[in-house]
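Naming convention: chains lettered A, B, ... in sequence-line order (proteins, then strands); numbering from 1 in each chain. Predicted model, so just to flag it, every value in this text is computed and none were measured.
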There are 2 protein chains.
Amino acid sequence: MLTERQLFLLQLLVNDYVVSAEPVGSRSIAKREDVHFSPATIRNELADLEEMGYLEKTHLSSGRVPSEKGYRFYVDHLLSPALLPDDEMGNIRDAYQKKFSETEELIRVTAKILSEFTNYTAIMIGPELLEMKMKHIQLVKLSPTQGVLIIVTDTGHVENRVVSVPDSIKAEDIEKIVNILNEKLNMVPLYQLQNRLNAEIADVLRNHVRDYKRVMSLLTEGLTINDPEQIFYSGKSNMFSQPEFQDVDKIISLLNVLEGKEIVRELMNMPAKGLHIRIGRENKLIGIEDCSLITTTYSIGGEHLGTVAVIGPKRMAYPRVVTLIDLVSKLLTENLNKQERKER
Amino acid sequence: MLTERQLFLLQLLVNDYVVSAEPVGSRSIAKREDVHFSPATIRNELADLEEMGYLEKTHLSSGRVPSEKGYRFYVDHLLSPALLPDDEMGNIRDAYQKKFSETEELIRVTAKILSEFTNYTAIMIGPELLEMKMKHIQLVKLSPTQGVLIIVTDTGHVENRVVSVPDSIKAEDIEKIVNILNEKLNMVPLYQLQNRLNAEIADVLRNHVRDYKRVMSLLTEGLTINDPEQIFYSGKSNMFSQPEFQDVDKIISLLNVLEGKEIVRELMNMPAKGLHIRIGRENKLIGIEDCSLITTTYSIGGEHLGTVAVIGPKRMAYPRVVTLIDLVSKLLTENLNKQERKER
DNA sequence: GTTAGCACTCTATCTATCCGAGTGCTAAAT
DNA sequence: ATTTAGCACTCGGATAGATAGAGTGCTAAC
């Protein structure tokens, strides 16, 4: 078990390292006003903390740096969310006073705020498309042979795809088809659309519509929902101002990880709901061993969950980021679910 | 005027420098099989070329590097498009055999191919949204107070925005409104929607619809088209494998330029249509003085123009990129305008 | 007009050296 | 039994030569 003084020192050291990014020595700790023991004493304590695995040295005669275990302990036991200065708080709230016409825009703005105020990289993942429910379907003809099939979901998301519409299908056929689909598929989750089409709709269509085979192939094509992730980044290059990434190879590999698909899986793979912190190698994804990930969720339509994440160096300003990500995810949820959107 | 031999040497030198990224010396040129004069002769010629401003030295006793004037001359007079190996050609064509359900996907794939085959960064800009014409409009209610307004354009692009729908507006009102809009606004360019709404539609609505004022505010909100650029990147990090960007500061500033808005303006600002090459400082945009930009256009619906661009170091494999960007933009145009999309 | 020879220049790399920050340990002080 | 002062030791990073190599320009011979 750690003594009171060890807790105190660990906290000091992490706080110091977070801002300085340099190994912390006994002398610099002793210089602080609120520390009343000598460097030698501190050295002894630090040596103990190192023995217990909370601290590390970068080389034999260097100052100490928190280990992953040290960060973990800090996060679990010593971390309290930061208080934001009033002006920052105000700026953030103001940003949400604006009227957002598109859900996407709202999410993008949130990512931007988060990355700008943390100085790290923000990643937002939209709610699972496949879980959304069909609210309205529409087929618009563009040319004699092409059309756009539009699916609106209960969350207000709009999917659209270009489909080929055989010449033989006339305007009144389209209306009939669309009506049938709207009636039969209302509030059906998108991932079930295919099934329902084959199970229920096929028969109805066969009886009511000309050129049944072509219509079915059109619909089969149009109701296939793929690419199920919407993902937004902001501040990708913020990371590269951090001293731990002053190395070209690290930058390239981090950039590749950020732009890859695996990061999404890693993020989805967080225990659902609430705020979570993954430190360094706690992330399974290779390439971000030197990073920490803080995530939380937001909701849309009261039930669909999306993910808000901040990725930064292990040496992250945890208290501040925790406060910010929490604030921002709440504001986002609030805005997405606002019944009465602000007029004017 | 340049002599035959000087032309030959300039070409050799550029080609060599493009692959090696190192200043080229007289000896290494003389070693080539197709060169039948001695290093000393070459030195004399290179000194002349330098005097004329086509070449530069990085320091007093280094080999030569093409100057911007040199690249410009090379591009204008010595460049001939590269021939692609059959297998690459095949791979690219194959990629377009797939069926694309969304226009966006097609553009994204094009960007990806371009960046992968050039190893530089590809940037695609969609056609001007504001120039597109209204093909169909639809308002879908999500909740008692919210709805999604959907605008389909002649190119198959779908714009959507969440709007607040006053409770007082009933389903039959919506139908009426939408019918009026579809009739009156058919094929009206998006940038005119606002005008038309106020000029023509307002009166009609006043006579036919309840709660006129609220409806107008809803439509004013919904028909405001902003954020007019669609932009797709691919291979952003390719640049950083290039030897000229082995410096963290350069990477950060280039990344910031790539992610900024100004790059779009720079690209739009190309003389319309056809292939263009901008070398180094010919680009007005600060931050890409060491890059070259090759752009061309693609079209959708036969008239709307979008931009395809490749950004790479000045020391770019011009012949290959020219061939690739030309090929890919043609394939893209072809696919976007295909009347009969491939079945199955 | 071309080429061999040579002195000269500049960079990149390697090595040696030195400085300072920090540690661990021991012994004295509290 | 803690705490602290003192000291020898370690290691990384910066600095300064020294050296090798690639390349040039110029001159004189071919």
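- Using a 4.5 Å heavy-atom cutoff, the side chains of M316(A) and Y71(A) are not in contact.
- For the pair F245(B)/V248(A), no side-chain contact is recorded, criterion being any heavy-atom separation below 4.5 Å from C-beta on.
- In terms of modelled atom types and a separation under 3.5 Å, the side chain of E45(A) and the main chain of L9(A) share no donor-acceptor contact.
- Remark: A40(B), T41(B), R43(B), N44(B), H59(B), L60(B), S61(B) in residues 39-67 of chain B come within less than 4.0 Å of DNA chain C through at least one heavy atom.
- Within the 4.5 Å cutoff, side-chain heavy atoms of L10(A) are placed close to those of L55(A).
- Between I277(B) and the choices I325(B), V321(B), T296(B), I294(B), the side-chain contact (heavy atoms from CB on, under 4.5 Å) rule is met once, by I294(B).
- Summarising the local packing, NZ of K330(B) is surrounded by 12 or fewer heavy atoms from other residues, nucleotides or ligands at distances under 6.0 Å.
- For residues 13-34 of chain A, proximity to DNA chain C is found at G25(A), S26(A), defined as any non-hydrogen atom under 4.0 angstrom from a strand atom.
- Atom CG of D86(B) is surrounded by 12 or fewer heavy atoms from other residues, nucleotides or ligands within 6.0 Å.
- Minimum heavy-atom separation, A111(B) to M124(B): CB-CG, 3.5 Å.
- Nucleotides of DNA chain C lying under 4.0 Å from heavy atoms of chain B occupy a range whose first and last members, 5' to 3', are dT2(C) to dT11(C).
- Taking all atoms of both residues into account, the shortest heavy-atom contact from V257(B) to I286(B) is CG2-O, 3.9 Å.
- Electrostatic pairing of K236(B) and E259(B) counts as a salt bridge here, judged by a charged N lying under 4.0 Å from a carboxylate O.
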